[in-house]
Amino acid sequence: MGRKTQCCLTFALLLMVALADHHEGHDHGEHSADHSHHFHHDTDKPHPSHNGNDDLCHKLSPHNADFAFSLYNKLSNQADAKGKNIFFSPLSISMALSMLALGAKGETHSQIFSTLGYSSFTEDQVNEAYEHLLHMLDHSQEAMLLETGGGLAVREGFKPVDRFLKDIQHFFHAEAFTVDFSKPDIAVQEVNKFIAKKTKDTITDMVKSLDQDTIMVLINYIYFRGKWEKPFEVDHTHKADFHVDVNTKVTVDMMKRTGRYDIYHDVNNFTSVIMVPYKGNTSMMIVLPDEGKLEEVEKHLSKEDLKYWHDKLFRSSVDLYMPKFSISASSCLGDTLKEMGIVDAFSDNADFSGMSEKTKLKVSKALHQAVLKVDEKGTEASAATTIEIMPMSLPDTINLNRPFLVFIVEDSTKSILFMGKITNPTEQ
């Protein structure tokens, strides 16, 4: 019985909201013994009709894709990015910033919406689009698990604006809980515990420290676990060289499968593209630049490229060689988001009066961590045989033995769940 190859992807993003003026009087309140106290909004409040939200949900996708490539461009051009893996969830970052926008007003709100490409949408349209998107994305079945949502760790004794609390729970499935930030070590444990639970213990110590003046930690998470539609046979996995660059090679466990795949060789753009589908409605699009052409391909990478490649795909028989790997990427996004236009949120000019009418707040840190794991795991519980009809011609060969780009795309919403560059599969 053939083993399944499972791809597990996890992402968590935090936005930490701290006091803008440390001297402003604020009530820390009595510390309750129950640090996991949850807030609840009106359960009898009707959800808005989904009529038209399907359309809205799809209208956000191109803007989210533009934001994804802008962010990728910034991350890949950072001085310390050369030779490193890049991996993140653009959808989760867009969602976390949209959650932040719920509490923002004036120029702070405008900068967030402008950076996300949402200037032509109303707040209600964006919120309802995300509510519908979350409803469409949540899949829990044997073949695939996709979960996304949010969390709001609130300082004990601090009461956020009621409307903000209700909206963040209603539209973004965020769970609010109280934390004693005056005891930073305990607060770190509480926040990390929430993230670990939501990411099935794949991200366990994301937050290293918290300032005792922290008022709220806004969390967005996404977790995806999928099985390939066409599994790799574990017997075919072998040791092979992966060429990180001209002077560096590492040894990887290389999986191999011969089968029918949708591929495209874009000779004008020095690229080969292959779609590796999961069971369900999600696929991994792999973009393999020709040798020495990675930087050139990265320079003009856009959503138009993805659409062009997707439209040009054709079914062919392929010898696919793919490394088995587990990588983790983390970074502070604050400076990057400021470069992209979200400036006031991180400064004393921040207007988060939609979160707190009395206490002046600003964002102190934006952290993200993402994990991508491609491995062979578990066995089929029931016996099954599939026979694939192959043409007599020699198969194409796509050998992922040098840096390549990956995009995990949810087909029904056209959302880029995850994207990145695998430069060195052995780098944890």
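Since this is a predicted model, take the numbers as computed values, not measurements.
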Determine the interplanar angle of the [X] and [Y] rings, folded into 0 to 90°, and report it as parallel if under 30°, tilted if 30 to 60°, perpendicular if over 60°.
X: W228; Y: Y278; result: parallel
X: F407; Y: F69; result: tilted
X: F404; Y: F325; result: perpendicular

Checking side-chain polar atoms at under 3.5 Å, does [X] have a donor or acceptor matched by the opposite partner on [Y]?
X: H243; Y: E291; result: no
X: D351; Y: S353; result: yes
X: T108; Y: D344; result: no

- Query: Quick one: are D305 and T271 in side-chain contact, heavy atoms under 4.5 Å?
  - Reply: no
- Message: A side-chain contact here means heavy atoms from C-beta on lying under 4.5 Å apart; do M275 and V409 qualify?
- Response: no
- Pairing residues for D396 by the side-chain hydrogen bond (donor to acceptor under 3.5 Å, both in side chains) criterion, not counting sequence neighbours: H265, S316
- Tell me whether the guanidinium CZ or amine NZ of K59 lies under 6.0 angstrom from the six-membered ring centre of F121 and within 45° of its axis. no
- Query: Does the cation-pi check pass for K421 over Y72, that is, NZ or CZ under 6.0 Å from the six-membered ring centre and within 45° of its axis?
  - Reply: no
- Item | Partner residues of Y118 under the ring pair (Phe, Tyr, Trp, His ring centres under 6.0 Å) criterion, sequence neighbours left out | F113
- Query: Can you check side chain to side chain contact (heavy atoms under 4.5 Å, CB included) on I416 and L306, steps first, answer last?
  - Reply: CA-CA 11 Å; I416 302 173; L306 254 64; 4.2 Å; yes
